[in-house]
Amino acid sequence: MITSFTIATERHEPSEPPRSVAGVEVRGLDFSYGPARTGEVPRPVLAGVSLSLEPGELVALVGPNGCGKSTLLRLVAGLLRPAAGSIAIGDRPVDGPDPRVGLVFQAPRLLPWRSVLDNVAFPLELAGWARSARYERARELLLLVGMNGSEGERPHQLSGGMRQRAAIARALVLEPSVLLLDEPFSALDALTRDRLNLELQDLWRVTGSSTLLVTHSIPEAVFLADRVLVMSPRPGRIVAEVPIRLPRPRALDQLDAAIVSESAAAVRMHLEAEVAA
Amino acid sequence: MRLRSDRFQTGWIVAAAVLFVLLWQAIVIVGNFRPFVLPPPGSVGARFVQAWTDGTMERHVPTTLSEIVLGFGAGAALGVIVGYVLARSRFAERLLSPYIVAAQATPVLAIAPLLALWFGTGLLSKVIICSLIVFFPIAVATMVGIRSVDADLLEMCRAFRARPAQVLSKVEIPGALPSILGGFRVGVTLAVIGAIVGEWAGGEQGLGVLINLARGSLFDTPLLFATLATIALIGVALYAAIALLERRLVGARG
Amino acid sequence: MNTNARIPFLATLAVAVLVVALLVVGRGGGSGPSASPSPSASSASSSASGSKSPVGSSSPSGSVALTKLSVGLGFIPSVQFAQFYLAQRAGYYRDAGLNVTFQNKIDPDLIALVGQGALDIGIADGTSIIPAVSQNIPVRYIATVYAQFPNVVYAKASSGIKTAADLRGRKLGTPGKYGSSWIMLQALLGSAGLKTSDVDIQLYPDFGQGAALQQGAVDAATGFVNNEPVQLQLSGTTATILRVDSIVPLPGNGLITSTDSLAAKHDALKGFVAATLRAENDIIADPQKGLDAAVAAVPDLGKDKATQMAILNATIETWQSDYTKVNGLGAIDRDAWTKSITFMSGLPDKPVARAVTVDELVSEELLAK
């Protein structure tokens with residue numbers, strides 16, 4: 001008893017007490033690039049974006065190139081500040097890089113001089129976890145993404161899919177309430193991409209995090225999401241919402257099902273309407 | 001395969017060294033050079049061994065070596081700090097660059113006597129000369145290295161709420177390390193020159209003093225060459241040490 | 001694997017080829033060092049010939065070709081070389097069938113350049129000739145210029161320093177712990193039972209010890225009897241001069257040549273020595289002649305003639321000693337050389353690499369009897 005108590009305080013694991021899964025509420029978000037001090041004319045990127053994620057919901061965001069999808073993700077993560085509007089996770093606003101958010105980028109962004117284990121443990125190290133505790137936690141995550149055995153490898157020794165698995169493990173290591181994914185599989189080959197989509201669905205079910213996925217791929221969006229949001233070209237805003245009523249767990253062979261085709265067609269229609277406009 | 005390749009290379013390296021010595025000897029014979037103009041490799045080798053066994057090098061090498069190590073250490077530390085500031089502040093770069101470049105363009109040979117005048121002819125003035133000469137390439141290498149650190153990695157750090165000190169120690173320095181160590185490689189050979197120039201500007205011991213002694217007092221050309229060989233060996237050894245450090249620190253990266 | 005292995009090999013080869021090329025170029029150009037600018041050389045010879053008669057390079061008799069001799073003087077053109085300038089200006093060299101050119105070189109380099117044959121004649125002192133010959137540099141000392149050893153220790157009279165023994169514990173400035181000043185200092189201190197560690201030695205590698213003495217940063221300094229102490233006296237301060245001659249008669253600066261030249265250019269060298277000593281005698285009789293010749297050769301010296309005259313007077317004094325008064329200017333004191341060999345052989349730096357005899361060091365065959 002005494003031992004477990006000691007360990008618990010030393011590790012201050014976020015799982016004790018169990019965290020509550022929170023939703024995301026975005027209201028009337030404006031954002032422009034081109035800061036006033038350079039005298040540039042501001043280029044509006046987002047204009048009045050509103051969206052909400054129910055706790056534990058998986059929402060995909062699609063839109064044409066340069067519509068501000070990634071910008072929207074960075075705003076939710078607290079990496080950028082909106083010109084107007086509000087962002088809240090649960091009942092608390094986001095006002096800077098937020099510990100309740102786990103972020104996965106398009107490129108894995110692993111530190112090339114560190115082992116996989118040290119990369120996954122990186123956020124814990126920054127948060128001041130003791131070495132043994134953070135390695136234990138990082139190993140759990142590597143097991144979760146199916147990378148046990150690769151702890152000692154360097155990023156350059158891994159395949160692209162493996163690197164992105166490690167990046168996802170790193171994003172989940174602090175047990176975030178919200179997982180944000182910025183086109184995470186766009187650089188991977190089709191087969192790897194399909195497998196990672198399956199694994200992501202499993203991970204999402206295990207962790208229960210509210211998840212916002214930015215993607216270019218309509219099939220990916222339809223396969224993974226509870227809802228697909230469609231954005232307009234710049235300045236971006238949400239122009240359509242397509243609910244995907246497909247039972248879970250979803251399997252890859254279901255991608256040929258009629259309901260998937262219909263949903264995908266609906267998304268594509270909204271998207272094409274926006275691009276043509 | 002690896003072993004065979006190593007042995008193969010060693011063979012060539014030894015052959016090249018033998019060729020170098022033979023060429024040297026051939027030049028002495030063909031040019032009919034007197035030993036006080038160009039001593040043959042044999043007499044330089046013998047003088048080298050003698051100087052290392054009769055206490056001559058024992059008296060001068062530690063002095064020069066400590067000047068190099070201290071001077072390089074101080075110059076490298078300052079170079080890394082200033083290089084970082086230059087990389088991260090455009091204003092600092094615009095403010096300081098002209099002075100730093102001007103200082104670098106001023107020949108050390110010309111400043112050395114002044115430094116000897118201001119700081120004496122002891123260890124301090126030589127450490128300062130070494131630091132000055134080492135500073136520039138390391139500052140520039142650090143600046144380039146820090147600027148080349150992937151901005152995406154810095155954003156990743158921010159996303160995981162890294163404090164500035166953590167970003168510096170865990171990402172910026174390791175990321176810039178290959179470039180910084182490249183600066184170290186250049187710097188350490190320059191430090192050797194700095195120490196010798198510093199000793200020429202006045203000193204009681206050291207290999208630079210021994211050069212003056214061999215040239216101006218003893219008229220011992222083989223000793224002059226043996227001293228030059230010792231200086232070259234120190235340079236090669238320090239360079240190899242940095243290269244080894246480099247291999248240990250950044251060798252495992254892709 | 002193959003290409004990797006070749007890199008060091010090719011690099012070494014390239015370095016070797018470069019070394020060969022440099023050496024060949026250095027030799028082809030008539031020894032690298034002489035290519036360096038020698039400011040006074042051309043001006044000295046041209047102004048000298050111009051002031052006398054416009055003969056230029058043609059011989060006075062019109063048919064006999066002049067023998068070329070290159071002479072290396074000290075690094076800075078100075079009134080201390082007045083006898084050479086006068087012999088040039090008065091035509092003594094030309095009368096001897098010589099076409100003499102002067103080059104200014106750093107002292108220790110002069111010996112190697114003369115030994116190598118890059119210069120026919122140079123100026124060097126005994127404390128350099130002894131180690132050089134012991135290292136088998138083939139040079140001979142053929143005529144004495146400074147019959148008294150010119151390197152001295154001097155101090156302000158007000159310092160209370162009167163003898164070498166008074167230097168104990170005092171601050172003494174010197175350029176470095178090598179060369180003739182250092183050997184002189186060891187001899188001087190040794191005479192008072194002192195070692196160099198008994199004196200607080202301050203190094204002035206840029207030869208700033210004279211200024212340091214004037215400002216009071218040191219109590220005593222090494223210098224040339226015809227330079228720093230003279231400047232101190234001219235500034236109105238009485239100087240005490242500690243000479244080494246009475247302790248160990250170290251041979252001062254004289255003319256040197258190579259053993260090869262001694263055989264091959266015997267007559268020309270003999271003519272040069274005679275012409276130079278003739279000019280020395282002229283200047284002893286009338287120092288103004290020496291000053292005029294020096295100013296003509298090196299116009300900068302004309303800016304402060306009083307100082308230059310004082311330096312010249314001190315130089316003239318140094319040319320002469322009790323020995324030269326009996327044996328004539330330029331005479332070589334073999335006894336002093338023998339004593340110097342003994343003294344230098346015992347020095348801690350071991351400057352004498354092997355036993356040498358006076359006959360290996362000096363040659364009196366060019367001096368007129």
Side-chain angles (χ1 to χ4, degrees), chain B residues 1-2 4-24 26-28 30-39 54 56 112-114 116-117 120-122 125 198-205 209-223, chain C residues 1-2 4-13 15-17 19-20 23-24 26-27 31 106-109 111-113 115-118 127-139 175-180 182-183 201-208 212 258 347 349-353:
Chain B
M1 189 59 202
R2 179 61 188 270
R4 220 191 104 199
S5 154
D6 281 355
R7 203 178 295 162
F8 183 79
Q9 291 197 2
T10 310
W12 275 101
I13 291 165
V14 170
V18 169
L19 184 74
F20 175 76
V21 171
L22 286 178
L23 255 171
W24 178 357
I27 291 163
V28 171
V30 172
N32 194 23
F33 288 105
R34 294 217 170 98
F36 73 89
V37 179
L38 178 65
D54 70 1
T56 306
L114 281 177
L117 200 64
T121 51
S125 64
E199 287 167 357
W200 279 345
E204 312 218 346
Q205 277 180 10
V209 175
L210 187 57
I211 287 179
N212 276 343
L213 211 60
R215 172 169 165 264
S217 247
L218 306 177
F219 299 91
D220 192 341
T221 313
L223 177 61
Chain C
M1 168 169 116
N2 225 349
N4 277 345
R6 256 181 206 151
I7 289 165
F9 170 69
L10 286 176
T12 314
L13 192 66
V15 169
V17 168
V19 169
V20 175
L23 283 168
V24 168
R27 254 174 104 72
S31 83
I106 296 168
D107 292 318
D109 293 344
I111 295 176
L113 290 170
Q116 201 184 343
T127 60
S128 300
I129 292 299
I130 293 168
V133 170
S134 80
Q135 289 288 347
N136 301 317
I137 301 181
V139 290
K177 297 193 172 180
Y178 37 77
S180 47
W182 185 241
I183 287 167
I201 289 175
Q202 306 282 314
L203 298 180
Y204 291 90
D206 55 344
F207 297 90
S258 69
L347 290 177
D349 285 338
K350 299 191 184 65
V352 189

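Labels below follow one simple rule: chain letters A, B, ... track the order of the sequence lines, proteins then strands, and each chain is numbered from 1.
Only the side chain of C/I111 has a heavy atom closer than 4.5 Å to any heavy atom of chain B. Heavy atoms closer than 4.5 Å to chain B are found nowhere in C/A353, neither backbone nor side chain.
Note: B/D220 leads B/V209, B/D220, B/V37 in heavy-atom pairs under 4.5 Å with chain C.
Contact of the C/D109 side chain with the B/R215 side chain is registered, since non-hydrogen atoms from C-beta on lie closer than 4.5 Å. Put simply, the side chain of C/L203 reaches to within 4.5 Å of the side chain of B/E204, judged on heavy atoms.
The heavy-atom pair separating B/S217 from C/P351 by the smallest distance is O-CB, 4.5 Å. Scanning all heavy atoms of the two residues, the minimum distance from B/L213 to C/K177 falls at CD1-O, 3.8 Å. Between B/F36 and C/N136, the shortest heavy-atom distance links the atoms CD2-O, 4.1 Å.
For the atom pair B/L223 CG and C/Q135 CD, the distance stands at 8.0 Å (nearest 0.5 Å). Separation of atoms CZ (B/F219) and CD1 (C/I129) is listed at 7.0 Å; rounding is to 0.5 Å.
At distances below 3.5 Å, at least one donor-acceptor pair connects side-chain atoms of B/R34 with backbone N or O atoms of C/G115.
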